[in-house]
Amino acid sequence: MRKKIVAGNWKCNTNLKEGIALASEVEKLYTQSGVKDVLTIVSPPFVHLTEVAKVLKNVKLSAQNCAAEPKGAFTGEVSAEMVKSTGAEFCIIGHSERREYYGDTNSILAKKVKLAMANGLTPIFCIGEVLAERESGKLFDVIKTQLQDGIFFLSAEEFGKVIIAYEPVWAIGTGVVATPAQAQEMHKFIREQISLKYGKSVADSTSILYGGSCKASNAKELFANPDVDGGLIGGAALKAEEFLGIITAF
Ligand code: 13P
């Protein structure tokens, strides 16, 4: 059976002190809740990882990105090996903000995926269409290309470890959430693509998360869909109680 997962992407928010406080609160509330069957992950900024790792026990740790090169003269970059050495187990790769503002193309993302896997990190690989692509009916082609060019080079065994996050760009940070039917339609399509490439058993065991204006009040109806296995959460992950409301929404 595939896992239920809720991952919080803090993006470029919180200073170190605030980040440690938020992670401690999430750890405390999650542990007190007694929820055992929802893999809960936080993704603070790089510079918080080492310190946040110290306050987490039941909640898992992720980075938001990693370099496309293993090491060397790449000023300002943080390698997958460095991320792994902090205690992080996961790495978000291909977030639409990286694609849009930092030039992360599908081929660059493929290099990041390769390095993350080689260093024992589980990629949380993000895909999603912009509004114009949805409105012009190109949404399924866009998603297919993002999968094919960014991550479908993995072997079936490798792909079996990956988490996919569908984040329609028009829903990110806008307050406009995909309807449960829109989310289900795309998650089902994504699972079909995985099945075509890797077979039904890999597809059935891959967790596909929804992201984009997901919060405690709408998580239940999104997570009720058969192909929605949880969420990748932005703004609502910055408040521990709200985040817990999403973790307990299954
Ligand atoms: P919001 O939840 O703020 O819309 O952000 C979603 C997201 O981009 C998570 O990676």
Side-chain angles (χ1 to χ4, degrees), residues 4-14 18-19 22-23 26 38-46 48-49 52 59-66 83 88-102 104 109 112-113 116 121-131 133-134 139 142-143 146 150-151 162-180 182-183 186-187 190 207-223 225 228-249:
K4 297 177 195 164
I5 302 172
V6 174
N9 174 11
W10 298 1
K11 308 190 179 184
C12 189
N13 293 294
T14 71
E18 291 162 348
L22 176 57
V26 169
V38 180
L39 174 59
T40 299
I41 302 169
V42 291
S43 308
F46 282 136
H48 302 11
L49 289 173
V52 165
V59 172
K60 304 294 180 189
L61 186 61
S62 175
Q64 299 173 17
N65 180 33
C66 68
V83 169
E89 296 171 69
F90 299 84
C91 188
I92 297 172
I93 295 177
H95 192 281
S96 66
E97 287 147 17
R98 300 290 324 168
R99 293 174 186 266
E100 186 179 353
Y101 308 136
Y102 302 99
D104 277 10
L109 296 172
K112 295 186 176 193
V113 167
L121 292 167
T122 297
I124 302 174
F125 189 73
C126 302
I127 52 180
E129 82 286 357
V130 301
L131 188 59
E133 290 163 341
R134 174 165 282 265
L139 68 168
V142 168
I143 297 297
Q146 289 175 342
I151 200 154
V162 163
I163 299 166
I164 299 293
Y166 169 59
E167 300 205 299
V169 180
W170 46 272
I172 295 178
T174 57
V176 182
V177 64
T179 64
Q182 285 171 324
M186 185 55 89
H187 283 231
I190 294 165
S207 294
I208 307 175
L209 315 184
Y210 168 81
S213 300
C214 180
K215 43 188 196 270
S217 59
N218 60 27
K220 206 178 187 66
E221 54 180 17
L222 287 161
F223 297 173
N225 289 289
V228 179
D229 306 308
L232 181 56
I233 316 299
L238 295 171
K239 294 205 177 86
E241 294 215 350
E242 178 75 16
F243 191 54
L244 188 80
I246 299 172
I247 296 162
T248 54

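In each ligand, atom 1 is the first atom listed, and ligand 1 is the first ligand listed.
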Checklist outcome for this item: Close residues (non-hydrogen atom under 4.0 angstrom from ligand 1) work out to Asn9, Lys11, His95, Glu167, Ala171, Ile172, Gly173, Gly212, Ser213, Leu232, Ile233, Gly234, Gly235
Enumerate donor-acceptor pairs with a distance under 3.5 Å from any side-chain N or O in residues 232-245 to protein atoms, sequence neighbours excluded.
unit_1 : atom_1 : unit_2 : atom_2 : d
Glu242 : OE2    : Ala216 : N      : 2.9

Checklist outcome for this item: The reported gap from CD1 in Ile190 to OH in Tyr166 (rounded to nearest 0.5 angstrom) is 7.0 Å
Checklist entry - Sequence neighbours excluded, which residues qualify as salt bridge (Lys or Arg N to Asp or Glu O under 4.0 Å) partners of Glu129? => result Arg134
Checklist outcome for this item: Taking every heavy atom of Gly173 against every heavy atom of Ser213, the minimum-distance pair comes out as N-OG, 3.9 Å
Next on the checklist: Tell me the closest heavy-atom pair linking Ala183 and Val228, and the distance in Å.
Outcome noted: CB-CG2, 4.3 Å
Checklist entry - Listed by chain and number, what are the side chain to side chain donor-acceptor pair (under 3.5 Å) partners of Lys4, not counting sequence neighbours? => result Asp37
